[in-house]
Amino acid sequence: MSIVSTTKDPEALTLTIVAEFAAPPARVWQVWSDPRQLERWWGPPTWPATFEQHDVVVGGASHYYMTGPEGEKARGWWRFLALDEPRLLEFEDGFADESGEPNPAMPTTRGRVELEETAAGTRMTVTSSFGTVEQMEQLVEMGMVEGMTLAMGQIDQLLAEG
Amino acid sequence: MVVRQLDQDEVDRLFTALADRTRRDIVARVLTHEASVSVLAERYAMSFAAVQKHVAVLERAGLVRKKQHGRERLVRGDVDTIRAAARLLDQYEEIWRARIGRLEDLLTAPEEGDSP
(Lines give C-alpha, C1' and ligand atoms only; values in the text may rest on other atoms or scores of the structure.)
Protein backbone atom coordinates (compact mmCIF):
# COMPACT_ATOMS: atom_id res chain seq x y z
CA MET A 1 0.00 0.00 0.00
CA SER A 2 1.30 3.43 -0.88
CA ILE A 3 -0.10 5.05 2.29
CA VAL A 4 2.59 5.19 4.94
CA SER A 5 0.64 6.83 7.74
CA THR A 6 -2.40 8.89 8.58
CA THR A 7 -2.63 11.21 11.57
CA LYS A 8 -5.88 12.73 12.77
CA ASP A 9 -5.83 15.58 15.21
CA PRO A 10 -9.39 16.32 16.36
CA GLU A 11 -8.21 19.30 18.41
CA ALA A 12 -6.39 21.13 15.65
CA LEU A 13 -8.88 19.72 13.11
CA THR A 14 -6.17 18.42 10.82
CA LEU A 15 -5.70 15.26 8.86
CA THR A 16 -2.20 14.34 7.69
CA ILE A 17 -1.67 11.58 5.18
CA VAL A 18 1.75 10.38 4.11
CA ALA A 19 2.03 8.27 0.97
CA GLU A 20 4.92 6.98 -1.10
CA PHE A 21 5.00 6.62 -4.85
CA ALA A 22 7.49 4.97 -7.17
CA ALA A 23 7.81 8.11 -9.26
CA PRO A 24 10.07 11.15 -8.92
CA PRO A 25 8.70 14.38 -7.36
CA ALA A 26 8.60 16.07 -10.78
CA ARG A 27 6.15 13.40 -11.95
CA VAL A 28 4.01 13.57 -8.79
CA TRP A 29 3.95 17.36 -9.14
CA GLN A 30 2.23 16.91 -12.52
CA VAL A 31 -0.77 15.09 -11.06
CA TRP A 32 -1.42 18.25 -9.03
CA SER A 33 -0.46 20.89 -11.57
CA ASP A 34 -1.97 19.41 -14.74
CA PRO A 35 -5.76 19.75 -14.49
CA ARG A 36 -6.36 16.81 -16.86
CA GLN A 37 -4.36 14.55 -14.56
CA LEU A 38 -5.76 16.07 -11.38
CA GLU A 39 -9.33 15.39 -12.42
CA ARG A 40 -8.54 11.73 -12.94
CA TRP A 41 -8.06 11.18 -9.23
CA TRP A 42 -9.55 14.09 -7.24
CA GLY A 43 -13.15 12.90 -7.38
CA PRO A 44 -14.43 9.35 -6.93
CA PRO A 45 -15.44 7.49 -10.12
CA THR A 46 -19.15 8.32 -9.79
CA TRP A 47 -18.43 11.96 -8.86
CA PRO A 48 -15.67 12.88 -11.28
CA ALA A 49 -14.08 16.30 -10.97
CA THR A 50 -13.75 18.73 -13.87
CA PHE A 51 -11.29 21.61 -13.48
CA GLU A 52 -12.46 24.49 -15.66
CA GLN A 53 -9.64 26.73 -14.48
CA HIS A 54 -6.36 25.76 -12.82
CA ASP A 55 -3.98 28.65 -12.56
CA VAL A 56 -0.96 27.24 -10.72
CA VAL A 57 0.75 30.47 -9.66
CA VAL A 58 0.80 32.06 -6.21
CA GLY A 59 -2.52 33.90 -5.89
CA GLY A 60 -3.89 31.97 -8.86
CA ALA A 61 -7.28 30.29 -8.73
CA SER A 62 -8.83 27.00 -9.73
CA HIS A 63 -12.49 26.42 -10.41
CA TYR A 64 -13.86 22.94 -10.52
CA TYR A 65 -17.05 20.97 -10.19
CA MET A 66 -17.85 17.41 -9.36
CA THR A 67 -20.65 15.73 -11.29
CA GLY A 68 -22.87 13.27 -9.45
CA PRO A 69 -24.67 10.19 -10.77
CA GLU A 70 -27.86 12.22 -11.33
CA GLY A 71 -25.97 14.95 -13.17
CA GLU A 72 -25.93 17.22 -10.11
CA LYS A 73 -22.91 19.49 -9.76
CA ALA A 74 -20.97 20.39 -6.62
CA ARG A 75 -18.69 23.35 -7.26
CA GLY A 76 -15.49 24.33 -5.56
CA TRP A 77 -12.49 26.61 -5.89
CA TRP A 78 -8.84 26.69 -4.86
CA ARG A 79 -6.48 29.60 -4.41
CA PHE A 80 -2.76 28.93 -4.40
CA LEU A 81 -0.99 30.31 -1.33
CA ALA A 82 2.52 28.93 -1.81
CA LEU A 83 4.30 27.04 -4.56
CA ASP A 84 7.78 25.61 -4.78
CA GLU A 85 7.94 23.23 -7.72
CA PRO A 86 8.35 20.29 -7.27
CA ARG A 87 8.44 20.36 -3.48
CA LEU A 88 5.56 22.34 -2.03
CA LEU A 89 2.04 23.27 -2.97
CA GLU A 90 -0.30 25.03 -0.58
CA PHE A 91 -3.83 26.12 -1.35
CA GLU A 92 -7.05 27.29 0.15
CA ASP A 93 -10.05 25.21 -0.83
CA GLY A 94 -13.65 26.38 -0.68
CA PHE A 95 -17.15 25.88 -1.97
CA ALA A 96 -18.64 27.84 -4.84
CA ASP A 97 -22.19 28.67 -5.81
CA GLU A 98 -23.88 27.50 -9.02
CA SER A 99 -22.21 30.18 -11.10
CA GLY A 100 -18.78 29.15 -9.77
CA GLU A 101 -18.37 32.20 -7.53
CA PRO A 102 -16.76 31.48 -4.15
CA ASN A 103 -19.43 31.17 -1.50
CA PRO A 104 -18.27 33.51 1.31
CA ALA A 105 -20.82 32.02 3.69
CA MET A 106 -18.89 28.76 3.67
CA PRO A 107 -15.67 28.40 5.61
CA THR A 108 -12.56 27.24 3.79
CA THR A 109 -10.01 24.47 4.17
CA ARG A 110 -6.26 24.68 3.71
CA GLY A 111 -4.30 21.99 1.94
CA ARG A 112 -0.53 21.64 2.17
CA VAL A 113 1.23 19.14 -0.09
CA GLU A 114 4.90 18.37 0.45
CA LEU A 115 6.86 16.21 -1.98
CA GLU A 116 10.16 14.75 -0.84
CA GLU A 117 12.51 12.76 -2.99
CA THR A 118 13.31 9.32 -1.60
CA ALA A 119 15.42 6.44 -2.87
CA ALA A 120 12.26 4.75 -4.13
CA GLY A 121 10.60 7.83 -5.58
CA THR A 122 8.51 10.36 -3.71
CA ARG A 123 7.12 10.74 -0.26
CA MET A 124 4.00 12.92 -0.34
CA THR A 125 2.62 14.50 2.83
CA VAL A 126 -0.83 16.04 2.53
CA THR A 127 -2.09 18.06 5.48
CA SER A 128 -5.69 19.24 5.42
CA SER A 129 -6.61 21.89 7.99
CA PHE A 130 -10.26 22.59 8.62
CA GLY A 131 -11.50 25.93 9.84
CA THR A 132 -14.54 24.42 11.47
CA VAL A 133 -16.15 21.07 12.03
CA GLU A 134 -18.98 22.16 9.76
CA GLN A 135 -16.57 22.45 6.86
CA MET A 136 -15.23 19.03 7.61
CA GLU A 137 -18.73 17.59 7.54
CA GLN A 138 -19.51 19.24 4.21
CA LEU A 139 -16.36 17.85 2.67
CA VAL A 140 -17.14 14.43 4.00
CA GLU A 141 -20.60 14.67 2.50
CA MET A 142 -19.15 15.78 -0.83
CA GLY A 143 -16.59 13.04 -0.89
CA MET A 144 -18.39 10.22 0.82
CA VAL A 145 -20.67 9.33 -2.02
CA GLU A 146 -21.63 5.91 -3.17
CA GLY A 147 -18.70 5.86 -5.55
CA MET A 148 -16.39 5.51 -2.61
CA THR A 149 -17.06 1.80 -2.43
CA LEU A 150 -16.04 1.58 -6.05
CA ALA A 151 -12.92 3.64 -5.41
CA MET A 152 -11.93 1.38 -2.57
CA GLY A 153 -12.45 -1.55 -4.92
CA GLN A 154 -9.99 0.02 -7.32
CA ILE A 155 -7.37 0.15 -4.60
CA ASP A 156 -7.94 -3.49 -3.80
CA GLN A 157 -7.49 -4.26 -7.46
CA LEU A 158 -4.23 -2.34 -7.52
CA LEU A 159 -3.04 -4.24 -4.49
CA ALA A 160 -4.00 -7.53 -6.06
CA GLU A 161 -1.96 -6.59 -9.10
CA GLY A 162 0.98 -6.04 -6.76
CA MET B 1 -23.61 -1.43 16.70
CA VAL B 2 -25.15 1.48 14.86
CA VAL B 3 -23.38 4.77 15.43
CA ARG B 4 -25.92 7.54 15.25
CA GLN B 5 -25.44 10.51 12.90
CA LEU B 6 -24.87 13.92 14.47
CA ASP B 7 -26.41 17.07 13.11
CA GLN B 8 -24.09 20.03 12.47
CA ASP B 9 -24.96 21.91 15.66
CA GLU B 10 -24.17 18.80 17.62
CA VAL B 11 -20.86 18.43 15.84
CA ASP B 12 -19.93 22.05 16.58
CA ARG B 13 -20.73 21.59 20.27
CA LEU B 14 -18.77 18.39 20.28
CA PHE B 15 -15.55 19.84 18.90
CA THR B 16 -15.85 23.03 20.94
CA ALA B 17 -16.15 20.85 24.01
CA LEU B 18 -13.09 18.82 23.07
CA ALA B 19 -10.98 21.86 22.24
CA ASP B 20 -10.09 22.32 25.92
CA ARG B 21 -7.40 20.31 27.69
CA THR B 22 -9.22 20.11 31.02
CA ARG B 23 -12.41 18.97 29.35
CA ARG B 24 -10.58 16.27 27.41
CA ASP B 25 -9.01 15.13 30.63
CA ILE B 26 -12.41 15.02 32.34
CA VAL B 27 -13.88 12.97 29.50
CA ALA B 28 -10.97 10.51 29.58
CA ARG B 29 -11.35 10.16 33.34
CA VAL B 30 -15.11 9.63 33.48
CA LEU B 31 -15.08 7.16 30.61
CA THR B 32 -13.48 4.65 32.95
CA HIS B 33 -14.59 5.92 36.37
CA GLU B 34 -17.77 7.78 37.19
CA ALA B 35 -17.13 10.72 39.46
CA SER B 36 -19.04 13.54 41.11
CA VAL B 37 -18.18 17.13 40.19
CA SER B 38 -16.67 17.64 43.67
CA VAL B 39 -14.35 14.67 43.23
CA LEU B 40 -13.37 15.95 39.78
CA ALA B 41 -12.79 19.46 41.13
CA GLU B 42 -10.17 18.13 43.57
CA ARG B 43 -8.01 17.05 40.65
CA TYR B 44 -7.73 20.40 38.93
CA ALA B 45 -6.19 23.67 40.02
CA MET B 46 -9.40 25.55 39.52
CA SER B 47 -12.56 26.34 41.40
CA PHE B 48 -15.49 23.97 41.81
CA ALA B 49 -17.56 26.41 39.75
CA ALA B 50 -15.04 26.31 36.91
CA VAL B 51 -15.03 22.52 36.84
CA GLN B 52 -18.82 22.54 37.01
CA LYS B 53 -18.85 24.80 33.93
CA HIS B 54 -16.56 22.43 32.04
CA VAL B 55 -18.82 19.52 32.91
CA ALA B 56 -21.85 21.50 31.70
CA VAL B 57 -20.14 22.15 28.33
CA LEU B 58 -19.35 18.45 28.03
CA GLU B 59 -22.91 17.55 28.94
CA ARG B 60 -24.38 19.85 26.28
CA ALA B 61 -22.06 18.26 23.72
CA GLY B 62 -23.36 14.85 24.73
CA LEU B 63 -19.90 13.72 25.80
CA VAL B 64 -20.88 13.06 29.40
CA ARG B 65 -24.10 12.36 31.23
CA LYS B 66 -25.03 12.89 34.84
CA LYS B 67 -26.92 10.31 36.79
CA GLN B 68 -28.31 10.34 40.27
CA HIS B 69 -26.51 8.04 42.67
CA GLY B 70 -27.87 8.28 46.21
CA ARG B 71 -27.35 11.89 47.26
CA GLU B 72 -24.80 12.71 44.58
CA ARG B 73 -24.91 13.13 40.86
CA LEU B 74 -22.20 11.22 39.10
CA VAL B 75 -20.66 12.25 35.79
CA ARG B 76 -19.86 9.57 33.27
CA GLY B 77 -18.63 9.55 29.68
CA ASP B 78 -20.95 8.86 26.77
CA VAL B 79 -19.04 6.47 24.55
CA ASP B 80 -21.43 6.73 21.59
CA THR B 81 -20.87 10.45 21.13
CA ILE B 82 -17.11 10.10 21.31
CA ARG B 83 -17.23 7.39 18.68
CA ALA B 84 -19.31 9.63 16.43
CA ALA B 85 -16.67 12.39 16.66
CA ALA B 86 -13.84 10.09 15.73
CA ARG B 87 -15.95 8.77 12.90
CA LEU B 88 -15.96 12.13 11.06
CA LEU B 89 -12.19 12.20 10.81
CA ASP B 90 -12.22 8.54 9.84
CA GLN B 91 -14.53 9.35 6.95
CA TYR B 92 -12.29 12.14 5.73
CA GLU B 93 -9.37 9.78 5.93
CA GLU B 94 -11.25 7.34 3.70
CA ILE B 95 -11.73 10.07 1.09
CA TRP B 96 -7.99 10.61 1.02
CA ARG B 97 -7.18 6.93 0.99
CA ALA B 98 -9.36 6.56 -2.09
CA ARG B 99 -7.74 9.59 -3.74
CA ILE B 100 -4.27 8.24 -3.14
CA GLY B 101 -5.33 4.88 -4.55
CA ARG B 102 -6.46 6.62 -7.75
CA LEU B 103 -3.34 8.75 -7.78
CA GLU B 104 -1.18 5.68 -7.61
CA ASP B 105 -3.20 4.18 -10.43
CA LEU B 106 -2.56 7.28 -12.50
CA LEU B 107 1.16 7.32 -11.73
CA THR B 108 1.59 3.70 -12.72
CA ALA B 109 -0.54 3.99 -15.87
CA PRO B 110 1.18 4.84 -19.13
CA GLU B 111 0.94 8.59 -19.70
CA GLU B 112 -1.58 9.68 -22.27
CA GLY B 113 -0.12 11.58 -25.18
CA ASP B 114 3.33 10.16 -24.55
CA SER B 115 5.21 8.53 -27.32
CA PRO B 116 4.63 4.78 -27.10
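Just so you know, these numbers come straight off a predicted model, no measurement behind them. Chain identifiers are assigned alphabetically (A, B, ...) following the order of the sequence lines, protein sequences preceding nucleic acid strands; residue numbering begins at 1 within each chain.
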Point to revise | Separation of A:Thr6 OG1 from B:Arg97 CZ (nearest 0.5 Å) | key: 5.0 Å
Review point. Is a donor on one side and an acceptor on the other found under 3.5 Å between the side chain of A:Arg40 and the backbone of B:Arg102?
Key: no
Practice item. Find out if a path of hydrophobic residues (ILVMFWY) with successive side-chain heavy-atom gaps under 4.5 Å connects B:Val57 to B:Val75. Key: no
Check your understanding: Roughly how far, to the nearest 0.5 Å, is CD of A:Gln30 from CG of B:Leu107?
Key -> 9.0 Å
Check your understanding: Any side-chain heavy-atom pair from B:Leu103 and A:Met124 closer than 4.5 angstrom?
Key -> yes
Check your understanding: Going by the angle between their ring planes, with limits at 30° and 60°, are B:Trp96 and A:Trp41 parallel, tilted or perpendicular?
Key -> tilted
**Study point:** Co-membership, hydrophobic cluster, residues B:Leu40 and B:Leu74, 4.5 Å side-chain
**Key:** no
Check your understanding: When you look at CZ of A:Arg36, are more than 12 heavy atoms from neighbouring residues, nucleotides or ligands closer to it than 6.0 Å?
Key -> yes
Review point. Quick one: do A:Leu81 and A:Leu88 end up in the same hydrophobic cluster if we chain Ile, Leu, Val, Met, Phe, Trp and Tyr together by side-chain heavy atoms under 4.5 Å apart?
Key: no
Point to revise | Exercise: identify the closest heavy-atom pair between B:Glu104 and A:Glu20 | key: OE2-O, 4.5 Å
**Study point:** Common cluster, A:Ile3/A:Trp42, ILVMFWY with side-chain heavy-atom separation under 4.5 Å
**Key:** yes
Check your understanding: What distance separates B:Thr108 OG1 from A:Phe21 CZ, expressed to the nearest 0.5 Å?
Key -> 10.0 Å
Study note, to complete from the structure: Across all chains, not counting sequence neighbours, the side-chain hydrogen bond (donor to acceptor under 3.5 Å, both in side chains) partners of A:Glu52 are A:Arg75
